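Computed from heavy atoms alone, side chains included, the values below leave out hydrogens, waters and symmetry copies. Start at 1 with the first residue, then count along the sequence. Keep in mind the model is a prediction, meaning the values are calculated, not measured.
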Amino acid sequence: MLKRRQLLVGAVAVAGAGGAAWLYVRSRASQALPGGPFRHYPFDPVAAENFQQKLFVPVASGPFGVLDVTAPLKIRATAASFPLLPGPASQAPSPFLLYQTEHAGQAYQNPILRIESGARFTASLDNALTEPTIIHWHGLHTPAKMDGHPSDTVPPGARYDYDFTVRNRGGTYWYHTHAHELTAKQAYNGLASFFLVDDEDQRKLAKALDLKLGVTDLPLVIQDKQFDAQGKLVYRPNAHESMMGWLGDIVLANLTPNAVHAVTPRTVRLRLLNGSNARIYRLAFVRNDTALPFTVIGTDGGLIERPETVTEAFLAPGERLDVLFDAAQAQPGDTVFLKSLAFDPMENEGAASASGGMTGMTGMSSRDHQGMGQMMAGMSTSRLPLGAAFNVLKLSVTAGDRVVTTLPTVLSEIKSIRTEGAFERKIDLSMTHMRFLINGFTFRMEEIAFEVKRGAVEIWRISNPAVGMPHPMHIHGFSFQVLERLNSPPQWSAMARFGKGRAVSDLGWKDTVLVWPGETVRIAIDFAHDFPGSQTHVFHCHNLEHEDAGMMINFRVQA
């Protein structure tokens, strides 16, 4: 069994590398300045000069070690300590939640699981926490009992067994807690990591571009966190944050604050995962205020059909974007930042007007109107507002041999779901009594919102009629294809050059889609499966505070 000291030694190597001088974390109260994003606080992601911590790159065992799954795993969810911030705080590391396992004589914490498409995955989850938990295999097509449904949440001291075949095509998936009404807190405190699936298409791409996982092929999870004066994680959402979503103000890339990574003049692959509770990112690679082109090769469910070159893309909580960046666009000595550009968060759509009225809030009472106005009154404890511009990762271009490769013109085959004669189901997002709803439902464990026929193809018409904010909607058990966006905001429409209002993050196979206020998104889902019996899955908002507050429904796929 891994001893606590061993864990801390490995964790210090993750967060302490880089050797920058410690900037102690002052209390948020001392930073309370009116108007706009706060600036020049320790680890402020807006300030470029703060980016001095060496990016943690997943390689072997230890924290975020790459584990090639070749045998059954015993996974233990447990509380531990982890020094997320460098300097003196690493002597008093933050409480953290971890998945621990051992494999081939090596110990792992939150391992990056890698497995071949078509292989059998067998694992047990032992709950060593003081509260219930369960694992959801995000994006994987599994039987419902293997999916991490909230009803399968197990109490402390209990075990849950997983055994399924990985039916998904190659791609960047992930796993995280889905504990009933505890997902936001547990995921924020550490219970999440990557689940990489390999197949022939993935190997062909890696060979063509001379990519090596952990060297030029980098899984990169982006998260925003809050810390106290001792460098410990803070998760204490007030009423506003419980409703709108928890935002951090220090941005971590692979658990590294203000991360920097050296690249030579060649193409690197970044498997981007938005692991934040609620923050949406508008990502771009920027040198001297100029956005450089990058190439999208994959989305949630693996490689897209053809590489697509863009200069920016939105990434919502739960979504993945697989990109290539050619560092040869810059010169040795140059700096390129992976940034989140400014955008309109559209969080106040339908909020109180100057006259005290409300718009777009269906089913709201006058009491709700008053409460909503109070909620919208700038009550977030984060110093980094949603939609503010900031840096995520600094890429330092160093001298080296130019590696020239040829990107294939076709990456994979994406068969379009045939939708002729498909039933079109209305999915309406709304709000009442200070809760966000789906088709008027708030989550009840045994309640089935609707049933679909096994093998049926449906079109879901997801409408967000200006209910206050954007929602990243996630389906369990199945992937889908985005058909069309209607009435999108200008900031999305400016990127929508792939037909029917779709941007690059809409391409390929998806399991999570961002729906803006006033927007309708049409998706196609094929409910074919070969599992015995009926299957009950959930559909929910991946703003984790929304999920825990009941913005989730059960749907049943009939036997």
K.L.:
Can you tell me how far apart CG (Leu85) and OG (Ser94) are? Round to the nearest 0.5 Å.
P.N.:
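It is 8.0 Å, given to the nearest 0.5 Å.
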K.L.:
State, with a plain yes or no, whether a side-chain heavy atom of Tyr281 is found less than 4.5 Å away from one of Leu272.
P.N.:
no
K.L.:
Would the Trp246 and Tyr235 ring centres measure less than 6.0 Å apart?
P.N.:
yes
K.L.:
Please work out which of the three classes, parallel, tilted or perpendicular, describes the rings of His542 and His176, given edges at 30° and 60°.
P.N.:
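Plane angle over 60°, so perpendicular.
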K.L.:
Would you say the side chain of Asp249 lies within less than 4.5 Å of the side chain of Leu247, judging by non-hydrogen atoms?
P.N.:
no
K.L.:
Looking at Thr216, is its backbone amide N or carbonyl O close enough to the side chain of Arg269 to form a donor-acceptor pair, meaning the two atoms are under 3.5 Å apart?
P.N.:
no
K.L.:
Return the minimal non-hydrogen interatomic distance between Thr398 and Pro332, and the atom names on each side.
P.N.:
C-CB, 4.0 Å
K.L.:
Checking Phe96 now: which residues fulfil ring-ring contact (aromatic ring centres under 6.0 Å, His included) with it, not counting sequence neighbours?
P.N.:
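Phe82.
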K.L.:
Test your reading of the model: is there a side-chain donor-acceptor pair from Asn464 to the backbone of Met469, 3.5 Å cut-off?
P.N.:
yes
K.L.:
So, taking the atom named OG1 in Thr295 and the one named CG in Asp326, what distance separates them when rounded to the nearest 0.5 Å?
P.N.:
8.5 Å
K.L.:
Which atom names give the shortest non-hydrogen contact between Ile134 and His149, and what distance separates them?
P.N.:
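Looking at all heavy atoms of both residues, the closest pair is CG2-O, 4.2 Å.
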K.L.:
Where is the tightest heavy-atom contact between Pro86 and Gln53, given as atom of each residue plus distance?
P.N.:
CG-OE1, 3.4 Å
K.L.:
May I ask you to decide whether Glu241 forms a salt bridge with Arg236, counting only side-chain N to carboxylate O separations under 4.0 Å?
P.N.:
no
K.L.:
Can you list the residues that meet the side-chain contact (heavy atoms from CB on, under 4.5 Å) rule with Ala259, with sequence neighbours excluded?
P.N.:
Leu55, Ala253, Thr256, Leu393
K.L.:
For Gln52 versus Val260, what's the shortest heavy-atom pair and its separation?
P.N.:
C-CG1, 3.8 Å
K.L.:
If we ignore angles and hydrogens, is there a donor and acceptor under 3.5 Å between the side chains of Glu319 and Ser505?
P.N.:
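No pair is found: no donor N or O on one side chain lies under 3.5 Å from an acceptor on the other.
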K.L.:
Parallel, tilted or perpendicular: which fits the ring planes of His546 and His471, with parallel below 30° and perpendicular above 60°?
P.N.:
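Because their plane-to-plane angle lies in the 30° to 60° range, the rings of His546 and His471 count as tilted.
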K.L.:
Ignoring hydrogens and geometry, is there a side-chain-to-backbone donor-acceptor pair from Asp300 to Asp511 under 3.5 Å?
P.N.:
yes
K.L.:
Do Leu384 and Val251 have side-chain heavy atoms sitting under 4.5 Å apart?
P.N.:
yes
K.L.:
Could you check if a side-chain atom of Asn254 sits within less than 4.5 angstrom of a side-chain atom of Val57, using non-hydrogen atoms only?
P.N.:
no
K.L.:
Would a distance-only check, ignoring hydrogens and angles, find a side-chain to backbone donor-acceptor pair under 3.5 Å from Thr101 to Tyr108?
P.N.:
no
K.L.:
Is a side-chain N or O of Glu347 found less than 3.5 angstrom from the main chain of Met244, in a donor-acceptor match?
P.N.:
no
K.L.:
When you measure from the centre of the six-membered ring of Phe194, is the NZ or CZ of Arg271 closer than 6.0 Å and no more than 45° off the axis?
P.N.:
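Ring-cation test returns no.
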K.L.:
When you check the side-chain N and O atoms of Glu519 and Ser488, is any donor under 3.5 Å from an acceptor?
P.N.:
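The criterion, which ignores hydrogens and geometry beyond distance, is satisfied for Ser488 and Glu519.
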K.L.:
I'd like a table of donor-acceptor pairs (distance under 3.5 Å, sequence neighbours excluded) in which one partner is a side-chain atom from residues 178-185, with atom names and distances.
P.N.:
residue	atom	partner	partner atom	Å
His178	ND1	Glu547	OE2	3.4
His178	NE2	His476	NE2	3.2
His178	NE2	His540	NE2	3.2
His178	NE2	Glu547	OE2	3.2
Thr183	OG1	Ala179	N	3.3
Thr183	OG1	Ala179	O	2.9
Thr183	OG1	Glu547	OE2	3.2
Lys185	NZ	Glu131	OE1	2.9

K.L.:
Which pair of heavy atoms, one from Ala316 and one from Pro472, lies closest together, and at what distance?
P.N.:
CB-CB, 3.8 Å
K.L.:
Tell me if a side-chain donor or acceptor on Arg279 pairs with a main-chain N or O of Pro385 at a distance below 3.5 Å.
P.N.:
yes
K.L.:
In terms of the angle between their ring planes, are Phe314 and Trp492 parallel, tilted or perpendicular, with boundaries placed at 30° and 60°?
P.N.:
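Answer is parallel, since the angle falls under 30°.
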K.L.:
Considering residues at least two apart in sequence or located in another chain, which fulfil the side-chain contact (heavy atoms from CB on, under 4.5 Å) criterion with Ala187?
P.N.:
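Checked Ala187 against side-chain contact (heavy atoms from CB on, under 4.5 Å); matches are Thr177, Leu544.
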K.L.:
Less than 4.5 Å apart, any side-chain heavy atom of Ile280 and any of Pro345?
P.N.:
no
K.L.:
Using 0.5 Å steps for rounding, measure from the CZ atom of Phe390 to the CG atom of Leu341.
P.N.:
9.5 Å
K.L.:
Report yes or no: do Ser276 and Asp224 form a side-chain donor-acceptor pair below 3.5 Å?
P.N.:
yes
K.L.:
Can Val310 and Met495 be said to form a side-chain contact (heavy atoms from CB on, under 4.5 Å), step by step?
P.N.:
CA-CA 8 Å; Val310 297; Met495 305 181 195; over 6 Å; no
K.L.:
With a 3.5 Å distance limit and no angle check, can you tell me whether Lys54 reaches the backbone of Ala262 through a side-chain donor-acceptor pair?
P.N.:
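Judged by distance alone, no pair lies under 3.5 Å.
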K.L.:
Indicate the atoms forming the closest heavy-atom contact of Val513 with Asp506, along with that distance.
P.N.:
CG2-OD1, 4.2 Å
K.L.:
Hey, what do you get for CG (Leu315) to CG (Leu514), rounding to the nearest 0.5 Å?
P.N.:
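Rounded to the nearest 0.5 Å, the CG-CG separation comes to 9.5 Å.
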K.L.:
With sequence neighbours excluded, tell me which residues meet side chain to side chain donor-acceptor pair (under 3.5 Å) with Tyr99.
P.N.:
none
K.L.:
So, does Thr311 use its side chain to make a donor-acceptor pair with the main chain of Leu292 at under 3.5 Å?
P.N.:
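No, Thr311 side chain to Leu292 backbone: no donor-acceptor pair under 3.5 Å.
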K.L.:
Under the side chain to side chain contact (heavy atoms under 4.5 Å, CB included) test against Pro219, which residue among Leu270, Ile112, Thr172 passes?
P.N.:
Ile112
K.L.:
In sequence, state the C-alpha distance, the side-chain angles, and the governing distance for Phe337 and Phe51, and then conclude on ring pair (Phe, Tyr, Trp, His ring centres under 6.0 Å).
P.N.:
CA-CA 10 Å; Phe337 277 96; Phe51 281 72; 5.6 Å; yes
K.L.:
Flag the pair Arg287 / Val397 as yes when at least one side-chain heavy-atom distance between them is below 4.5 Å, and no otherwise.
P.N.:
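They are not in side-chain contact.
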K.L.:
With rounding to the nearest 0.5 angstrom, report the CZ to CG distance, Arg76 to Leu129.
P.N.:
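Here the rounded value is 9.0 Å.
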K.L.:
Without swapping roles, check the side chain of Gln329 against the backbone of Pro293 for a donor-acceptor pair under 3.5 Å.
P.N.:
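Yes: the side chain of Gln329 pairs with the backbone of Pro293.
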K.L.:
Can you check whether Leu98's main-chain N or O pairs, donor with acceptor, with Asn110's side chain at less than 3.5 Å?
P.N.:
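Looks like no, no N/O pair under 3.5 Å.
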K.L.:
Check whether any side-chain heavy atom of Thr335 lies under 4.5 Å from a side-chain heavy atom of Lys394, and answer yes or no.
P.N.:
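Yes, close enough: below the 4.5 Å cut-off.
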K.L.:
Pair Leu429, Ile438 - check side-chain contact (heavy atoms from CB on, under 4.5 Å), show working.
P.N.:
CA-CA 5 Å; Leu429 312 181; Ile438 303 174; 4.1 Å; yes
K.L.:
Could you walk me through whether Leu196 and Val66 pass the side-chain contact (heavy atoms from CB on, under 4.5 Å) test, one step at a time?
P.N.:
CA-CA 9 Å; Leu196 306 182; Val66 178; 5.7 Å; no
K.L.:
Which value, rounded to the nearest 0.5 Å, describes the distance between Asn391 atom CG and Leu338 atom CG?
P.N.:
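Going from the CG atom of Asn391 to the CG atom of Leu338 covers 9.0 Å.
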K.L.:
With sequence neighbours left out, write down each residue that passes side-chain contact (heavy atoms from CB on, under 4.5 Å) with Ser463, or none if nothing qualifies.
P.N.:
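If we apply the side-chain contact (heavy atoms from CB on, under 4.5 Å) test to Ser463, skipping adjacent residues, the hits are Asp428, Arg461, Thr520.
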K.L.:
Going through the checks in order, is the side-chain contact (heavy atoms from CB on, under 4.5 Å) test met by Val336 and Val263?
P.N.:
CA-CA 10 Å; Val336 178; Val263 291; over 6 Å; no
K.L.:
Any heavy-atom pair between the side chains of Arg320 and His138 that's under 4.5 Å?
P.N.:
yes
